[in-house]
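Below, each value reflects all heavy atoms present in this structure, side chains not excepted, and no hydrogens, waters or symmetry copies. The sequence lines fix the lettering, A, B, ..., with proteins before strands; numbering per chain opens at 1.
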Number of protein chains: 2
Amino acid sequence: MLAPEEIIRLEDGAVVLLDQRQLPAERVELSCHSAAEVAEAIRTLAVRGAPAIGVAAAYGMALAAWHGEDRAAARAVLAASRPTAVNLFWALAEMDAWAGDPAERARAIHVEEVERCRRMAEHALALFSPGLRVLTHCNAGGLATGGVGTAVGAIVRAHEAGLVEHVWADETRPLLQGARLTAWELEQAGVPFHVIADSAAALTMARGEVDLVVTGADRIAANGDTANKIGTYMLAVLAHHHGIPLVIVAPSSTVDLSLADGGAIPIEERDGAELTARFPARNPAFDVTPAALISAIVTERGIHRAPFDLDPGAFA
Amino acid sequence: MLAPEEIIRLEDGAVVLLDQRQLPAERVELSCHSAAEVAEAIRTLAVRGAPAIGVAAAYGMALAAWHGEDRAAARAVLAASRPTAVNLFWALAEMDAWAGDPAERARAIHVEEVERCRRMAEHALALFSPGLRVLTHCNAGGLATGGVGTAVGAIVRAHEAGLVEHVWADETRPLLQGARLTAWELEQAGVPFHVIADSAAALTMARGEVDLVVTGADRIAANGDTANKIGTYMLAVLAHHHGIPLVIVAPSSTVDLSLADGGAIPIEERDGAELTARFPARNPAFDVTPAALISAIVTERGIHRAPFDLDPGAFA
């Protein structure tokens with residue numbers, strides 16, 4: 001697995017990140033020299049995955065401070081980069097609230113996300129049992145977090161513990177984060193897997209070859225409704241139909257207690273040319289899975305079950 | 001729309017077909033000069049779609065006769081081209097049973113499929129009502145049939161009758177028959193549409209933007225269980241969850257009364273490299289939708305409803 005600083009790091013005058021658009025073909029680093037360049041890297045998915053977007057935004061604010069950029073302008077350009085993952089806004093608020101050295105707080109946010117990933121993976125172990133065939137969607141691995149990952153971190157940890165026999169990685173159209181990034185990470189971790197078309201998840205379930213569905217999240221409302229990569233809601237309905245549990249693994253930085261339910265989560269619509277350059281296309285990047293279709297949500301605090309109460313007080 | 005002979009035709013010494021692998025970028029004809037070349041065109045999806053595969057196989061047998069090829073060998077190579085669409089085996093059996101000029105019978109099979117498409121589209125009109133938003137999967141249009149199509153034929157006819165407001169065309173991974181072929185046909189027919197990722201069908205339904213799902217079929221068992229392009233079963237489960245009817249449109253040549261149910265329908269597994277050349281992949285090309293999830297099956301004989309009785313006697 002990659003070290004956190006291989007995925008993203010703050011240097012003097014630059015945020016340096018592994019360009020995820022080039023993986024797995026090439027391992028290329030991208031250096032961003034302004035908040036606007038970091039925002040562009042987020043917008044174009046050079047860095048993606050909710051926790052990693054948050055880390056990138058924090059580093060972007062630290063970078064702006066290093067260069068003496070206008071703080072409000074830097075914040076605005078980062079906040080406008082992508083709308084759905086709340087980690088972006090959470091990280092900007094954390095930076096707002098910090099009176100000290102911005103680089104210090106940004107690096108601490110990264111370290112905290114790495115530690116949250118580790119704790120989520122340990123908590124999630126209790127949801128696995130020997131020999132499981134697990135299906136996951138998009139990429140919720142190290143690349144998405146700067147740590148060991150959320151869903152993929154839990155899967156890899158469970159595989160180390162002898163609890164995962166095989167993984168189905170949805171290719172995840174249109175940008176193939178599953179076929180490119182999750183496959184690459186599972187290969188590096190030595191976890192047996194096959195890539196499948198997103199539309200083959202239903203047949204794979206009907207064949208009795210899926211015991212558990214595990215995904216990450218981009219924003220979780222107070223009641224447990226969860227926005228994640230387009231197709232997660234599809235999996236939730238299919239898993240429900242086949243009696244297969246669906247588990248969400250996401251850090252507390254992905255929980256948005258300001259939203260009572262998922263109805264108000266903004267769903268990013270991306271360019272239809274990601275699907276077809278020739279014909280009209282609709283390209284929503286996320287969907288919202290109602291809490292009723294979610295068996296458990298794992299955060300760094302533990303395993304949450306319905307009815308979800310994601311307020312930190314619930315774990316006091 | 002294309003004329004039947006623009007999609008596939010028998011000439012002296014050749015079966016000439018529109019190479020569907022090149023669409024929509026280029027309109028190129030492929031000439032096959034032996035049964036083996038026709039089989040290769042079927043295997044590699046230069047011609048695809050259950051009814052069109054049947055027509056191609058019939059023309060392949062006529063071509064073999066023209067060239068004086070061994071009849072049994074020609075039949076064997078065609079029968080081995082693809083396993084799921086029963087129209088292939090139906091057409092070969094029709095050719096077996098014909099004692100006259102093979103070209104005459106093959107051309108008659110094509111004409112019959114064209115006429116069946118026309119009749120299906122007329123019957124299906126009764127299932128549409130004004131303003132419908134229809135979702136379809138893969139390509140069940142003229143290209144798939146040599147006529148006006150099954151599902152797409154019905155949609156285009158219903159649009160002409162003022163009953164279809166908009167179509168969602170699933171892109172249909174891995175080979176994008178929806179984004180390439182259905183989109184091209186809908187554009188030519190002047191039907192408003194958008195391409196969506198297969199995994200976006202669930203969200204589109206949840207948003208209340210789908211009134212009806214219509215697909216073709218590759219093989220229908222006696223009880224109505226229906227094999228069709230991978231993802232059709234996904235749509236069936238999703239449509240059921242959202243209270244949306246699913247209608248199958250397919251000619252009687254797609255019905256396999258020798259199979260009591262869908263459990264024995266062979267599901268073609270194609271090369272995983274269609275999904276990813278770098279990582280292990282599983283690539284089933286079809287799935288089977290249980291009859292219980294199908295609202296109606298339209299054949300040229302009329303509209304069949306559950307419990308399905310697809311024997312011609314049922315329409316005597």
Practice task
Calculate, to the nearest 0.5 Å, the distance between atoms CG and CG belonging to A:Leu18 and A:Leu23 respectively.
Solution key: 5.0 Å

Practice task
To the nearest 0.5 Å, tell me how far A:Ile230 CD1 sits from B:Thr204 OG1.
Solution key: 6.5 Å

Completion exercise
Note: B:Thr232 and B:Asp287 closest approach over all heavy atoms is N-OD2, 3.5 Å

Problem - Contact leader toward chain A among B:Arg282, B:Glu171, B:Arg278, B:Met234, where contacts are heavy-atom pairs under 4.5 Å - result: B:Arg282

Handout entry: Top contributor to chain A interface from B:Ile196, B:Asp170, B:Asp198, B:Val237 [non-hydrogen pairs under 4.5 Å]
Key = B:Val237

Completion exercise
When the 4.5 angstrom heavy-atom criterion is applied to B:Ala236 and chain A, the contacting part is neither

Problem - Segment of A:Pro24 engaging chain B (4.5 angstrom heavy-atom cut-off) - result: both

Exercise for the section: Identify whether the distance between the nearest side-chain nitrogen and carboxylate oxygen of B:Glu274 and B:Arg21 falls below 4.0 Å. Expected result: no

Handout entry: Atom group of A:Ala201 that falls short of 4.5 Å from chain B, counting heavy atoms
Key = neither

Practice task
Of all the heavy-atom pairs spanning B:Gln20 and B:Val47, show the shortest one and how long it is.
Solution key: NE2-CA, 4.0 Å

Practice task
Could you check which of B:Ala25, B:Pro174, B:Ala197, B:Ala202 has the highest count of heavy-atom pairs closer than 4.5 Å to chain A?
Solution key: B:Ala202

Problem - Partner chain B: residue of A:Pro284, A:Pro280, A:Gly231 with the largest heavy-atom pair count (under 4.5 Å) - result: A:Pro280

Exercise for the section: May I ask you to say whether A:Arg27 pairs ionically with A:Glu6, meaning some side-chain N is under 4.0 Å from a carboxylate O? Expected result: yes

Problem - A:Arg207 bridged to B:Glu269 by N-O distance under 4.0 Å - result: yes

Exercise for the section: Please check if any side-chain donor atom of B:Arg48 sits under 3.5 Å from a side-chain acceptor atom of B:Asn139, or the reverse. Expected result: yes

Practice task
Please flag which part of A:Ile267 lies under 4.5 Å from any non-hydrogen atom of chain B: side chain, backbone, both or neither.
Solution key: side chain

Completion exercise
Greatest number of non-hydrogen atom pairs under 4.5 angstrom with chain B, of A:Arg173, A:Glu187, A:Met205, falls to A:Arg173

Exercise for the section: Measure A:Arg180 against the heavy atoms of chain B and call it side chain, backbone, both or neither at under 4.5 Å. Expected result: backbone

Completion exercise
Honestly, the part of B:Trp184 sitting under 4.5 Å from a heavy atom of chain A is both

Handout entry: Residue among A:Ala200, A:Pro192, A:Gly272 with most heavy-atom pairs under 4.5 Å to chain B
Key = A:Ala200

Fill in the blank from the handout: From the list B:Val195, B:Leu176, B:Leu203, the residue making the most non-hydrogen contacts under 4.5 Å with chain A is B:Val195

Practice task
Please state whether the rings of B:His241 and A:His240 are parallel, tilted or perpendicular, taking 30° and 60° as the class boundaries.
Solution key: perpendicular

